[in-house]
Structure formats: structure tokens, C-alpha cells
Visitor: 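Please read through the structure below; I'll follow up with questions.
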Amino acid sequence: GENVEQHPSTLSVQEGDSAVIKCTYSDSASNYFPWYKQELGKGPQLIIDIRSNVGEKKDQRIAVTLNKTAKHFSLHITETQPEDSAVYFCAASISPKAAGNKLTFGGGTRVLVKP
Amino acid sequence: EAQVTQNPRYLITVTGKKLTVTCSQNMNHEYMSWYRQDPGLGLRQIYYSMNVEVTDKGDVPEGYKVSRKEKRNFPLILESPSPNQTSLYFCASSSATTSSYNSPLHFGNGTRLTVT
């Protein structure tokens with residue numbers, strides 16, 4: 001089955017700096033890659049996703065890049081703010097229709113933005 | 001407000017005492033799923049359901065049961081809980097169907113279960 005590895009497990013950045021989280025996946029058939037943000041005491045919430053026919057996607061201060069050849073994808077957060085402090089999860093899916101949302105998650109990255 | 005509601009938020013129980021964690025969504029989603037979250041392991045899928053009366057195993061189904069008698073509800077049942085089921089549990093739903101590709105998951109706020 002699919003295996004997703006996520007690095008680093010913790011990341012501390014100064015407010016205003018950039019943060020980068022990297023994930024690798026094992027199954028070359030994976031074609032959907034979402035990123036979720038989990039704030040303390042809450043469930044994960046989708047922040048951005050990318051499909052395999054796109055190499056990069058941006059939404060304000062966050063961007064995701066995908067390298068299908070190398071089977072890795074990354075989340076980039078620019079101009080970090082204290083409210084970016086959270087746990088971030090990457091995920092990958094082959095999206096067979098019969099299995100609906102069959103997501104395999106990475107182990108998570110705890111991001112701390114220091115004022 | 002569109003949401004996934006789980007109850008209870010916190011639960012402490014003893015080995016072998018049956019328990020149920022409830023999950024309800026108000027978005028008319030066909031797809032619902034249960035995950036457990038453990039440090040360093042991310043979220044692992046326990047069971048999922050594509051529609052009423054249709055359920056299937058995820059990656060870690062041992063020791064769990066589910067049912068989907070109504071579209072909005074998807075309870076998670078631990079018939080005989082054990083300490084290795086101590087974890088943070090999340091219910092999620094999405095508009096994914098058997099004829100559509102992945103759709104964003106909407107998660108509940110979690111249930112922290114401790115089994116002693």
C-alpha cells in the first residue's frame with residue numbers, strides 16, 4: 001500500500017520567515033495530495049490540495065509543489081505569523097472511485113512560529 | 001453551520017467495557033470515515049462508509065466496529081477496549097461518492113479515549 005513520510009517532525013521559525021515541510025510517497029499511482037492544518041483541540045482542516053496534473057499551486061501565503069518523478073511534494077508558508085502555529089499533515093491518495101477518500105497521511109509536522 | 005459532531009470529547013474507561021463514540025454530520029455527505037491519531041503516525045483510517053449500509057475496513061480495523069443505519073450518523077463501537085486503543089479519534093465526512101474523485105474531508109473535533 002501507499003506510504004507517506006513527512007519531514008521534519010517539528011519546525012520552529014521566526015515570525016516573518018518561511019517554513020517548508022516535505023513529504024515523499026511510495027505509490028507512483030497516487031494523484032491527489034492534500035495538506036491539512038490541525039490547531040490545538042480541533043480536527044484537521046484542509047488548507048490546500050494539488051492534483052498530479054499540476055506542478056504548483058498557490059493560495060495567498062501558502063503554496064504546494066509536486067515532483068511526480070521524485071515522488072515528493074512540499075508545503076511552503078511564506079511570511080509566517082503566530083496563527084500559523086499548528087500541526088500540519090500531508091496526505092496522498094490513489095483515488096480509486098470505489099474507495100472514495102482513501103487518504104494515507106504523513107506523520108505530521110508541528111510548526112511553532114516565534115514572535 | 002456545516003459540521004461534524006463527535007461525542008464525547010473525552011472518555012476514560014477500563015479494559016473490556018464496551019463503549020460507543022457517536023458521530024453525526026449535517027452536510028448530507030455520503031462518505032464518512034473514522035481515523036485514529038497517534039504521535040508520529042499521523043492519521044490512520046479505521047473504517048469508512050460510502051453510503052447507508054455500506055461499510056468497509058480501513059488500515060487498522062481490528063478491535064473496532066461501525067454501523068451506518070442513517071446517512072448522517074456513523075458510530076464507532078469498541079466491544080472490548082484494550083489499552084492499545086488509547087488514542088485520539090476523529091470522524092470525518094466528505095461529498096465523495098462512488099462516481100466522483102476525492103473531495104475534501106471535514107473532520108470533527110476529536111474524541112480522546114483512554115483505556116486503563
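Throughout, a chain's letter reflects where its sequence line sits, starting with A, and its residues are numbered from 1. Note that the structure is predicted; figures quoted are calculated from it, not measured.
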Visitor: Between Val66(B) and Ile46(B), is there shared hydrophobic-cluster membership here, with clusters defined by ILVMFWY side-chain heavy atoms closer than 4.5 Å?
Guide: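 In one cluster: yes.
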Visitor: Taking all non-hydrogen atoms of both residues, which atom of Phe89(A) and which atom of Gln37(B) are closest, and how far apart?
Guide: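 What the structure gives for the nearest pair is CZ-NE2, 3.4 Å.
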Visitor: Is it the case that more than 12 heavy atoms not belonging to Lys22(A) sit under 6.0 Å from its NZ atom?
Guide: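 Atom NZ in Lys22(A) is not crowded, with 12 or fewer foreign heavy atoms closer than 6.0 Å.
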Visitor: Evaluate the side-chain proximity of Phe105(A) to Leu41(B): yes if any heavy-atom separation is below 4.5 Å, no if none is.
Guide: no
Visitor: Side chains of Leu105(B) and Leu103(A): closer than 4.5 Å at any heavy-atom pair?
Guide: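 Leu105(B) reaches Leu103(A) side chain to side chain.
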Visitor: When clusters are formed by joining ILVMFWY residues with side-chain heavy atoms under 4.5 Å apart, either directly or through shared neighbours, do Val87(A) and Ile47(A) land in the same one?
Guide: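 Hydrophobic grouping puts Val87(A) apart from Ile47(A).
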Visitor: Given a strict heavy-atom distance threshold of 4.5 Å, which part of Pro44(A) is in contact with chain B: side chain, backbone, both, or neither?
Guide: both
Visitor: Would you check if Phe90(B) and Gln38(A) make a side-chain contact, meaning some heavy-atom pair closer than 4.5 Å?
Guide: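 Of all side-chain heavy-atom pairs linking Gln38(A) with Phe90(B), at least one is under 4.5 Å.
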Visitor: Determine, using the 4.5 Å side-chain heavy-atom cutoff (strictly less than), whether Leu46(A) and Ile62(A) are members of one ILVMFWY cluster.
Guide: no
Visitor: Would Tyr89(B) and Tyr48(B) show up in the same hydrophobic cluster when neighbours are defined by side-chain heavy atoms closer than 4.5 Å?
Guide: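 No: no chain of side-chain contacts under 4.5 Å links Tyr89(B) to Tyr48(B).
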Visitor: If the contact rule is any heavy atom under 4.5 Å from chain A, which residues of residues 106-116 of chain B qualify, in numerical order?
Guide: Phe107(B), Gly108(B), Asn109(B)
Visitor: Does Glu56(A) CD have over 12 foreign heavy atoms under 6.0 Å away?
Guide: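 Yes, the 6.0 Å shell around CD holds more than 12 heavy atoms from other groups.
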Visitor: Can you tell me if CZ on Arg44(B) sees more than 12 non-hydrogen neighbours from other groups inside 6.0 Å?
Guide: yes
Visitor: For Gln14(A), look at atom CD and say whether over 12 heavy atoms of other residues, nucleotides or ligands are found less than 6.0 Å away.
Guide: yes
Visitor: Tell me the residues of residues 2-14 of chain B whose non-hydrogen atoms fall below 4.5 Å from those of chain A, in number order.
Guide: Arg9(B)
Visitor: Indicate if Val4(A) and Tyr88(A) have the same hydrophobic cluster label, given that clusters are the connected sets of ILVMFWY residues with side-chain heavy-atom separations under 4.5 angstrom.
Guide: yes
